[in-house]
Engineer: 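Structure below; questions to follow.
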Amino acid sequence: MNEKLMIIDGNSIANRAFYALPLLTTEEGLYTNAVYGFTTMLLRMMEEEKPTHLLVAFDAGKVTFRTEEYKDYKGKRLKTPSELSAQFPLLKELLEAFGVKHYELNGYEADDIIGTISARAEANGFETLIVSGDKDMLQLVSDKTHVALTRKGISEVERYSPAEIDEKYGLTPAQIVDLKGLMGDTSDNIPGIPGVGEKTALKLLHEFKTVEGVLEHVSEVKGKKLQEKIEAHADDARMSKQLATILRDAPIALSLDELKYQPYEREKVVPVLERFAFKSLLERLGFDSAEADALLQQEEKEIEFVTITEENRDKWADKLTSPMAVMVEVDAENYHGAPIHGVSLVSEDVRLYVPFGQVKWPALVEWMADPEQRKWIYDAKRSQVALAWKGISLEGISFDVLLASYLSNPSETNHQLCDVAERYGIKLASDETIYGKGAKRSVPDISVLGPHIVRKADTIYRLYDRMNSTLREEGLTDLLYDLELPLAAVLGAMEKRGVRVDKERLDEMGVELKEKLEGLTKEIHRLAGTEFNINSPKQLGEILFEKLQLPVIKKTKTGYSTSADVLEKLEGAHEIVPLILEFRQLGKLQSTYIEGLKKEIHEETGKIHTSFNQAVTATGRLSSTEPNLQNIPIRLEEGRKIRQAFVPSEPGWYILAADYSQIELRILAHISQDENLIDAFRKDMDIHTRTAMDVFGVEEDEVTSLMRRQAKAVNFGIVYGISDYGLSQNLHITRKQAAEFIERYFSVFQGVKRYMDNIVVEARKNGYVTTMLNRRRYLPDINSSNFNQRSFAERTAMNTPIQGTAADIIKLAMVNVARRMEDEKLASRMLLQVHDELIFEVPEHELETMCRLVPDVMENALPLDVPLKVDVNYGINWYEAK
DNA sequence: GTCCTCACG
DNA sequence: ACGTACGTGAGGACG
């Protein structure tokens, strides 16, 4: 039998493909052009060559024995662009789906793997074809080993046997290293002999055969200058030859048998091709897209599992081991007090389904509460809170699919288990297909629901390894395990605990508001001369801009804009306008904050139990829903009074609020290393006053309130990724004036200017930006040809590291504060987080401790080059904690 | 469902 | 010339 081995130089072909093809992106923002080019090439070569054995060799790491010998080896080579390096994991995933063996070895280059394996193949009588874009490979050519070099990007290859090398260069394969020794290689920073190019080198080799031959016979070389150069760079030539020599006996633990190629399985290939959106390849492999979809959706064969009952449970107790994937099926969007259908548990050797009636199975309760028993889960907080409402504790969470998926791409809005699974090539029916949606939603029969819940845990189990390697590649492991996972437990406890709200106080305010609103409505209708719905922007627009003929300042897509900033400009134009503004303000308080909050007070606890969402924002911040407790009014006094209704849940306790002062500008000072900004914070100056002094060139006592206000707006703008247009809108000045402010700011804060410029360049280069804790946000529009999209991405690049680092810091602080409170056995409770502040309820005797402990932990959460500052206040309700 | 508006950091 | 400040969630109107 004729054994035929094909070895592909992975890095070389991926590189060629990357530069030969336009930068393709999938909808989720994956770059795929190198993978695509590589795959088409691979399939073509397999078809043409029909190898029996197949290997793709990759470089591993930066340090090789060559760099140890010559530290500048590959020194001048440009860093691999991240758009390419991000594709290597994808490529390997695809190769695995196709069943193609790939290999890399720390400290060695792909060349050496190829050299070693091809030598072994040769010794075993194999015919070998090496596919590469690198001419160095020609040194491996023999009668049995041929090399195919790419031409014109990757669309053609040229095959070399010894005869072709002789024809083209007049050299034997062994002399290829001599050629490189003499001429060097600028791309690998191999020196060779300066001034000796391919022509001279060939001439020398035709005469003297090898580098050593040339050096021995220098005196016979024609041309005085050339002789001198060779003499001066003899060592370089010897070293260059050595560097170019490919190892043929690297310590590779890989047998030829392992390289035997088995036809791939459709089920494995299709999901990957789908994920990379390789439509044409799907077709080429004989699937049309519809067929591929069908295959992907095809129900898996019956999943086997054991349903736990009163009778059988004792004999399954010892299957509760570690680690296990756990799925707690909570049947409601809002998980507080929600019904639980059942729990499924999956490990390497068992799948269990525990109907809710059996959830109090003592062995299970004990196992769930044991922090030593590691659990892999999807949305740990949801499960923990829902179980806590049933009096069951769940500890020992060691992996969370939801959080892992979020960290991998925080801009993605959909992290449902079935969709995450699909991204990793695993099929799972969506909850929607099981339960139905909208009015048709219903709980299916247990014969449908049980297997679905088990499949979910099974999916979590299978995702664990794949997601961990993705996290590792992106440097997100610590963020998950040391920050987000511990935080989930802290947040869950806060949510379950809830915040006491004084319903009577809300009622009183509601009555007062109702009267005022009725009065305003009457007056507005009188002034308008007709009754209409003031809450309808459409009707209001018609009254203001048609009936009353007020000037149109701004339009929306659908009609006149009646937003507050427009109405404020019209305040003097008609007496109805200020009344509308007041109506809007009070109406908002009534509907959202009085009525809205009252609806959210839990019947049993008399408290409000919000949900903090840990996987929605693109920057790493939390959000809060049902209700949102992160936007309770404060800026206007009327609204601020709402906070009087947020009270401690124990008599005689206090509400304590601790907030970071100027955390975002302090972070900016740190990451930009702007001397001026650092100086201002080290001296603990009022930052807006200091900015005004610097920008307007005045002394502290000459800063007027207008100057400070303008400086403050500039500071905000800086954090948001400033534009002259945005600043002009905010300050009601012309764009030109705004541009002048910005220019003056940057001439004083040059470090900030440098940061803003650099971060945009970095975003263009990498395709993403990161926070101090390595949280990552992809910016696919950063190179867009659309001005708007690109500008937006640029401002995001400037803002996200700042906002995101602030989010990192307060999250760290929360985890640390919770630990300290537990260690010191404090009765005080953390209740809320509002982006840069933490809210607690505190018994009187702990006020002193907490006023010291909380700021201390918050200020030291992450050391920066400027101090972090925390203000702390307390009072009998949230309003008074100011 | 989508749009507009407005509450917060 | 382009036309938005960064990040969220909720309520009401309307098709």
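Everything numeric in this text was worked out from a predicted model, so none of it was measured. We name chains A, B, ... by the order of the sequence lines, and we start the count at 1 in each one.
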Engineer: Check DNA chain C against residues 607-626 of chain A and give the residues with a non-hydrogen atom under 4.0 Å, in numerical order.
Structural biologist: A:V616, A:T617, A:A618, A:T619, A:R621, A:S623, A:S624, A:T625, A:E626
Engineer: Taking 5' to 3' order, which nucleotide of DNA chain B is first and which is last to have an atom within less than 4.0 Å of a heavy atom in chain A?
Structural biologist: B:dC3 to B:dG9
Engineer: My understanding is that only residues two or more places apart in sequence, or in another chain, count here; which of them pass side chain to side chain donor-acceptor pair (under 3.5 Å) with A:R775?
Structural biologist: A:E484, A:D808
Engineer: On DNA chain C, which is the earliest and which the latest nucleotide, 5' to 3', with an atom closer than 4.0 Å to a heavy atom of chain A?
Structural biologist: C:dC2 to C:dC14
Engineer: Starting at the 5' end of DNA chain C, write a dot or bracket for each base, bracketing those in Watson-Crick or G-U wobble pairs whose two distances are under 3.5 Å and using | for partners on another strand.
Structural biologist: .....|||||||||.
Engineer: Strictly by ring pair (Phe, Tyr, Trp, His ring centres under 6.0 Å), give each pair with a member in residues 794-814 of chain A just once, sequence neighbours left out.
Structural biologist: none
Engineer: Mind checking what makes side chain to side chain donor-acceptor pair (under 3.5 Å) contact with A:R500, not counting sequence neighbours?
Structural biologist: none
Engineer: Would you list the pairs meeting ring pair (Phe, Tyr, Trp, His ring centres under 6.0 Å) in which at least one residue belongs to residues 779-815 of chain A, sequence neighbours left out?
Structural biologist: none
Engineer: Please list, chain by chain and in numerical order, all residues satisfying side chain to side chain donor-acceptor pair (under 3.5 Å) with A:E508, sequence neighbours excluded.
Structural biologist: A:R505
Engineer: Can you list, by residue number, the residues of residues 548-573 of chain A that have a non-hydrogen atom closer than 4.0 angstrom to DNA chain B?
Structural biologist: A:T556, A:K557, A:T558, A:S561, A:T562, A:S563, A:A564
Engineer: Which residue pairs satisfy the side-chain hydrogen bond (donor to acceptor under 3.5 Å, both in side chains) criterion with at least one member in residues 719-729 of chain A, sequence neighbours excluded?
Structural biologist: none
Engineer: Just grab all the side-chain hydrogen bond (donor to acceptor under 3.5 Å, both in side chains) pairs involving residues 568-591 of chain A, residues at least two apart or on different chains.
Structural biologist: A:T562-A:R584
